[in-house]
Novice: 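Starting off with a structure, shown below.
All chains are named by letter (A, B, ...) in the order of the sequence lines, taking the proteins before the strands, and each is independently numbered beginning at 1. Predicted, not measured: the structure shown is a model, and the values here were computed from it.
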Amino acid sequence: GAGVSQSPSNKVTEKGKDVELRCDPISGHTALYWYRQSLGQGLEFLIYFQGNSAPDKSGLPSDRFSAERTGGSVSTLTIQRTQQEDSAVYLCASSLLAGQAFSGANVLTFGAGSRLTVL
Amino acid sequence: RKEVEQDPGPFNVPEGATVAFNCTYSNSASQSFFWYRQDCRKEPKLLMSVYSSGNEDGRFTAQLNRASQYISLLIRDSKLSDSATYLCVVNSGTGGFKTIFGAGTRLFVKA
């Protein structure tokens, strides 16, 4: 698509429920990132996918969080047994490539985010 | 220590002022550097890349000092529309190419 698309844009859920957040990156972009941003805070790296390589999951805060990327395109971030501290905006970004020094190929384009509220 | 550190501000400046933001990064293997801009309740957007020799884009000048692991952004002739949070971004090259964001520096430009 023309840009990075995320859904849902807003999600309100009850503590203990599972949620799935979807990201549809720019067509042809091989790298896909998930970040989390709590109110008034910076972006917290969660996970990134690069082509067919094993994803870097080093930012996932607990084993309740998981993500997959099917067919090198759409990605789903799943949060199981949600807690109130999971409330945040979850931002997805994609880039053409990752790791190209001084290249525009690893410039990130963000989606508008999914705002998650856990009651 | 955070991988990318910035002064959170806020910086409150009058229109027309020159303002500078600094950023330090901890991973000496970092390969590429950027400044992004984030408006309130919006997603971050690329402002400019940062090159070793320094680069300029209109009123914005970015500098990189690899020896000190330091990046800067200078904004000249500030406009009201420059009010935003400025994010320092580093792409790390060890064991993968993870893109890490600083927490951001808030700028308010007042008439």
Side-chain angles (χ1 to χ4, degrees), chain A residues 3-6 9-10 23 25-26 29-60 88-115 117, chain B residues 2-10 21 23 25-55 57 62 64 66 71 84-106:
Chain A
V4 178
S5 179
Q6 290 189 245
S9 55
N10 276 286
C23 174
I26 292 173
H29 278 196
T30 65
L32 185 148
Y33 296 78
W34 283 99
Y35 294 87
R36 176 169 74 173
Q37 188 171 34
S38 301
L39 189 62
Q41 303 298 309
L43 272 72
E44 176 188 3
F45 167 81
L46 297 177
I47 185 171
Y48 104 92
F49 300 86
Q50 170 60 66
N52 295 321
S53 302
D56 181 336
K57 305 179 182 181
S58 59
L60 294 178
V89 176
Y90 289 81
L91 289 159
C92 175
S94 69
S95 68
L96 188 60
L97 293 169
Q100 302 299 307
F102 298 106
S103 164
N106 58 359
V107 169
L108 269 61
T109 300
F110 282 85
S114 292
R115 183 176 298 277
T117 303
Chain B
K2 292 182 180 177
E3 290 190 61
V4 180
E5 297 210 56
Q6 297 181 247
D7 179 348
F21 305 139
C23 169
Y25 60 95
S26 61
N27 188 339
S28 60
S30 298
Q31 301 222 358
S32 50
F33 311 89
F34 307 90
W35 284 100
Y36 279 67
R37 169 190 170 133
Q38 186 173 26
D39 293 293
C40 188
R41 293 183 171 268
K42 297 287 189 181
E43 71 274 20
K45 293 185 179 178
L46 177 70
L47 177 66
M48 61 194 301
S49 301
V50 185
Y51 301 121
S52 293
S53 55
N55 51 298
D57 182 0
L64 169 64
R66 281 191 179 275
I71 306 159
T85 297
Y86 291 83
L87 305 169
C88 175
V89 182
V90 174
N91 190 269
S92 170
T94 49
F97 295 95
K98 195 165 62 178
T99 300
I100 301 298
F101 284 72
T105 299
R106 297 192 72 186

Novice: Below 4.5 Å, heavy atoms only, C-beta onward: do B:Gln38 and A:Leu43 meet side chain to side chain?
Specialist: yes
Novice: Is the distance from the ring center of A:Tyr35 to that of B:Phe101 below 6.0 Å?
Specialist: yes
Novice: For B:Thr105, which residues count as a side-chain hydrogen bond (donor to acceptor under 3.5 Å, both in side chains) partner, sequence neighbours excluded?
Specialist: B:Gln6
Novice: Considering only heavy atoms from C-beta outward, does the side chain of A:Tyr48 approach that of B:Thr99 to under 4.5 Å?
Specialist: no
Novice: Let me confirm one number: the CG-OG distance from B:Leu46 to A:Ser95, rounded to the nearest 0.5 Å.
Specialist: 11.5 Å
Novice: Would B:Lys98 and A:Phe45 count as a side chain to side chain contact (heavy atoms under 4.5 Å, CB included) here? Give the steps.
Specialist: CA-CA 8 Å; B:Lys98 195 165 62 178; A:Phe45 167 81; 3.1 Å; yes
Novice: Roughly how far, to the nearest 0.5 Å, is CZ of B:Arg41 from CZ of A:Arg115?
Specialist: 4.5 Å
Novice: Hey, could you give me the OH/CG distance between B:Tyr36 and A:Leu108, rounded to the nearest 0.5 Å?
Specialist: 4.5 Å
Novice: Under the side-chain hydrogen bond (donor to acceptor under 3.5 Å, both in side chains) rule, collect the residues that match up with B:Asp57, sequence neighbours excluded.
Specialist: none
Novice: Taking side chain as everything from C-beta outward and backbone as N, CA, C, O, which of these in A:Ser58 sits under 4.5 Å from a heavy atom of chain B? Side chain, backbone, both or neither.
Specialist: side chain
Novice: Can you say whether A:Glu44 sits under 4.5 Å from chain B via the side chain, the backbone, both, or neither, judging by heavy atoms?
Specialist: neither
Novice: A quick test of your reading: do over 12 heavy atoms of other residues, nucleotides or ligands sit less than 6.0 Å from CZ of B:Arg37?
Specialist: yes
